[in-house]
Amino acid sequence: MGKKIAVFSTAWNGEHIGGILRGMQQKVRETGNDLYIFNTYGGFEEEKAFNDCEYRIFNLALQAEFDGMLILSNNIASYNRIESLMERIRKSNIPCISLEQDVPGFHFIGTNNYAAMSELVEHLITVHDCRTFNFVGGFCDHIENKERKKAFIDVLTGHGIPVEARRMRDYCFSRESGEQAFRDFHEMGIAIPDAVVCANDDMAIGYIRMAEQYGYQVPDDLLVTGFDDLSQAYCNIPSISSVGRSKENLGRQAVGQLLGMMEGTEYPHAVYAKSAFHPNLSCGCDKGIELFKKVQKHKSDMEYDNIGIRWRINVMQKHLLSCRDEREFCAALEGERIRFSFSRLCLMIDQNEYDSDHYLDEPAAESGMKGYPPRMRLMFRENMQPGKEPVMVQTSELVPEDYLKDGEDSHMFVFLPMHLHGRSFGYCILQDCMDYIFNGNLFYWISELNAAIEHIKQNSCIRRLNRKLEHMYMHDPLTDLYNRFAIKTLREPMLERNRSEGKQTIFLFADLDGLKLINDLYGHETGDMAIKAAAGVLRQCCPDSAYLCIRYGGDEFLLLGTYREDWDGCRLKREIEDRVGAYNARHELPVGLSMSVGTVITSPAEEAQNIDHYINQSDAMMYQIKREKKKAERSLCGGTDGTVSAYSS
């Protein structure tokens, strides 16, 4: 059995990170090992709640056992997160390599940013005789930005070129920040130096774009350089002079060294992957039209493919959002899995969070920061039969057991967090999704999946809340019997049906005797206990589940049902009398329970009357009984315990 390697990745730069992950994938396949990629789209400019939910997937990796770990640490959007992650890994004593960022106490493989940037600036000075420079940086505390800026300053200083602080500004590695840099420099009147050195390709593209809008041309009016040598940089017009990093070789090298460390091989603390400065048209160097045309075709093909992928994602959105419940959702998702060519697709749900009664409330502040529970519900997996009983999976196992028993020597799984609006509810497992990481579309795919799951969950919550509201609307809160609103909804149709079928309907009206006296002598709490006791007696006396037991008023109750000869009015009232007697024998109240009962049975032959007519008749019968009971009590000599059995009409 091969080694288990965990990779902590943030794929906001799909081409760069995707290239590294492809190299890792190649190496684990060659060596017969397994790669578990925990991928996030947390970013430096994202909201904290979003990042908390994204980086929760790292906690999943730390809940399992691995033989080694690789961390693409320079893309993690918070140094506090890096330090926390590294500290937990350090305590585990697992071999670990940090890629692209030198973290104390860990082996490092990455680009020598200082040497690469030095070569680039030397080229501008010695080949193109540049003497005035602007520097457009990324995040000020980002390690790669710091190294590249230091090299820029040191080379200028070494050539005796003044370093002006106003000509160096830090932004956020995006094309928009490159455009903003041009505007900022233009306001200061220094936007057109001999050369503008940008800390990455995106900012270089943005700077050139804005310069052209102001009427300047690159390289005629100024030179511009980038860093990373991404395909869109070479396809830009003019193509960007940049530093190329062998991304796939970096991934292969990292896996190879980690496997060696597991076997006890010692390596130096820092190992640098090869990089090279590639001069292009943006600094006045011509690399040839044929290479440009080749890369331009590659970009055109990728853009064409992306149009098709985005269209499929939009179709998926419509299919999944049209689902009414989880069963329909899972059936639709299987079709989407096939459409996107994922050999494995598995959704694991944090059932405690998903089933929370407060799901529609604002999420708790720590919703996305905690780890996952020990067991997760398998909501969906490929080829799953709809309606299957819920399956709980041990979280530390990460994937269903049979995923590792498919006869393959090597496996690669990608784990993505599932969340929306600061509410984290599980994670997704994918196989065969590397192309979607590389072209950046996996972010859009998982975003639509998250929205669809949230939609299904909200529908479920709304249905449950509606059921609660319906129950509250038709039930008495004290006794949980039906209330008067239920009569029109549930029993008027029954009365009409019985009449049309030639059946009789029985109405039994009961009144709790002496409730006012109980309240006056013992308090309303005891009165409520008497009401609940009477409700319990009447509920137990219903012959079948089709009977409706109603709290009609304060101390008044109503039983309705289809008349049965084996359960006529006399038997019903005897049943009530017996159960009242049994209750009083337990002495649960300081006073005995007593009810007066009147009954009416409809006749199919009589003229049709509405339901209120029969309720009023049974109510009148009940009061006749109550008057007879009071008259009998007044004729008695001496006191009694107040207990009176149910009387018949």
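Any value given below was found using the heavy atoms of this structure, including those in side chains, with hydrogens, waters and symmetry copies removed. As the structure is a computational prediction, the values presented were derived from the model and not from experiment.
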One should read off an interatomic distance between Arg375 CZ and Met392 CE, to the nearest 0.5 angstrom, of 6.0 Å
Tested for ring pair (Phe, Tyr, Trp, His ring centres under 6.0 Å) against Tyr41, the lone hit among Tyr55, Tyr444, Phe443, Phe50 is Phe443
Residues Ser618 and Val600: closest non-hydrogen pair is N-CG2, 3.4 Å
Would you kindly say whether His455 and Asn459 are connected by a side-chain donor-acceptor distance under 3.5 Å? yes
Exercise. Hey, mind stepping through Glu454 and Lys457 against salt bridge (charged side-chain N to carboxylate O under 4.0 Å, His left out) and telling me if it holds?
Worked result: CA-CA 5 Å; Glu454 177 87 353; Lys457 176 57 184 174; over 6 Å; no
Does the structure place the NZ or CZ of Arg81 under 6.0 Å from the centre of the six-membered ring of Phe58, at an angle of no more than 45° from the ring's axis?
no
Check: Are Met376 and Asp350 close enough that some pair of their side-chain heavy atoms sits under 4.5 Å apart?
Finding: yes
So CG of Leu572 and OH of Tyr563: to nearest 0.5 Å the spacing works out to 9.5 Å
Please answer whether the main-chain N or O of Asp619 pairs with a side-chain N or O of Asn616 as donor and acceptor at a distance below 3.5 Å.
no
Result for side-chain contact (heavy atoms from CB on, under 4.5 Å) between Leu560 and one of Ile550, Leu508, Ile506 points to Ile550
| said: Assess whether a salt bridge exists between Glu575 and Arg571, defined as any Lys/Arg side-chain N lying under 4.0 Å from an Asp/Glu carboxylate O. | reply: no
Please state whether the rings of Tyr403 and Phe413 are parallel, tilted or perpendicular, taking 30° and 60° as the class boundaries. parallel
Here the pair of heavy atoms bringing Leu593 nearest to Ala530 is CD1-O, 3.8 Å
Just say parallel, tilted or perpendicular for the rings of Tyr614 and Phe507, cut-offs at 30° and 60°. parallel
Discussion item. Between the side chains of Lys631 and Glu628, is the shortest nitrogen-to-carboxylate-oxygen separation below 4.0 Å, so that they form an ion pair?
Written reply: no
Find out whether Asn584 and Val580 are in side-chain contact, i.e. whether some heavy atom of one side chain is under 4.5 Å from a heavy atom of the other. yes
Practice task
Could you go through the salt bridge (charged side-chain N to carboxylate O under 4.0 Å, His left out) check for Asp528 and Lys532 one step at a time?
Solution key: CA-CA 6 Å; Asp528 287 346; Lys532 288 194 284 187; over 6 Å; no
Note: Ile57 and Leu416 closest approach over all heavy atoms is CD1-C, 3.9 Å
Item to complete: May I ask you to test the Glu336-Leu345 pair for a side-chain heavy-atom distance under 4.5 Å?
Response: no
Expected output: side-chain Asp325 to main-chain Glu328 donor-acceptor under 3.5 Å:
yes
- Query: Got Ser92 and Ile89 here, is their nearest side-chain heavy-atom distance under 4.5 Å?
  - Reply: yes
**Asked** With the threshold set at 4.0 Å, does a side-chain nitrogen-carboxylate oxygen contact exist between Arg499 and Glu496?
**Response** yes
Ignoring hydrogens and angles, tell me if any N or O in the side chain of Arg539 forms a donor-acceptor pair with the backbone of Thr479 under 3.5 Å. yes
With distance as the sole test, does Asp67 use its side chain to make a donor-acceptor pair with the main-chain N or O of Lys4 at under 3.5 Å?
yes
message = Are Leu333 and Leu449 packed together at the side-chain level, in the sense that at least one heavy-atom pair is separated by less than 4.5 angstrom?
response = yes
- Query: Under the 3.5 angstrom rule, does the side chain of Tyr36 hit a backbone N or O of Phe66 as a donor-acceptor pair?
  - Reply: no
Nearest heavy-atom contact between Cys330 and Phe380 is O-CE1, 3.3 Å
>> With heavy-atom distances below 4.5 Å as the criterion, would you say the side chains of Met412 and Ile37 are in contact?
In response: yes
Check for a donor-acceptor pair, side chain of Gln63 on one end and backbone N or O of Tyr372 on the other, with a separation under 3.5 Å. yes
Scanning both residues in full, the closest heavy-atom pair of Tyr427 with Leu398 reads OH-O, 3.7 Å
* Are Glu353 and Arg56 within salt-bridge range, i.e. N to O under 4.0 Å? -> no
Looking only at heavy atoms, the pair that brings Ala510 and Val597 closest together is CB-CG2, 4.0 Å
Q) Salt bridge or not for Lys629 and Asp511, using N-O below 4.0 Å? A) no
- List the steps, then state whether side chain to side chain contact (heavy atoms under 4.5 Å, CB included) holds for Ile615 with Arg484. CA-CA 11 Å; Ile615 292 174; Arg484 294 172 70 166; over 6 Å; no
query = Under a 4.0 Å N-O cut-off, is there an ion pair linking Asp578 with Arg574?
reply = no
Under 3.5 Å: donor-acceptor pair, side chain of His319, backbone of Ala332: no
| task | Evaluate the criterion side chain to side chain donor-acceptor pair (under 3.5 Å) for residue pair Asp34 and His411; output intermediate values, then yes/no. | result | CA-CA 5 Å; Asp34 295 333; His411 304 87; 3.0 Å; yes
- Query: So, does Thr602 use its side chain to make a donor-acceptor pair with the main chain of Thr505 at under 3.5 Å?
  - Reply: yes
Ignoring hydrogens and angles, tell me if any N or O in the side chain of Ser424 forms a donor-acceptor pair with the backbone of Cys53 under 3.5 Å. no
Mind checking whether Phe342 and Trp445 have parallel, tilted or perpendicular rings, split at 30° and 60°? perpendicular
Worked verdict on His419 versus Phe425 for ring pair (Phe, Tyr, Trp, His ring centres under 6.0 Å):
CA-CA 6 Å; His419 63 96; Phe425 46 79; 7.7 Å; no
- Message: Taking Arg467 first and then Glu470, would you say they form a salt bridge - that is, a charged N and a carboxylate O separated by under 4.0 Å?
- Response: no
Taken to the nearest 0.5 Å, the spacing of Asn466 CG from Arg463 CZ works out to 9.5 Å
Rounded to the nearest 0.5 Å, the CG atom of Asn314 sits from the CD atom of Glu448 at a distance of 7.0 Å
Note to self: Is it the case that atom CD in Glu87 sees more than 12 heavy atoms from other parts of the structure closer than 6.0 Å?
What the structure shows: yes
- request: Count the heavy atoms belonging to other residues, nucleotides or ligands that lie under 6.0 Å from CD of Glu401, then report whether that count exceeds 12.
  value: no
Handout entry: Mutual orientation of the aromatic rings belonging to Phe509 and Tyr552 [parallel < 30°, tilted 30-60°, perpendicular > 60°]
Key = perpendicular
message: Looking at Asp432 and Arg344, would you say the former's side chain and the latter's main chain have a donor-acceptor pair under 3.5 Å?
response: no
d(Asp476 CG, Ile531 CD1) to nearest 0.5 Å is 8.5 Å
- Query: Are the side chains of Ile456 and Met379 in touch, meaning some heavy atoms are under 4.5 Å apart?
  - Reply: no
Interatomic distance, CE@Met384 vs SG@Cys346, rounded to 0.5 Å, equals 8.5 Å
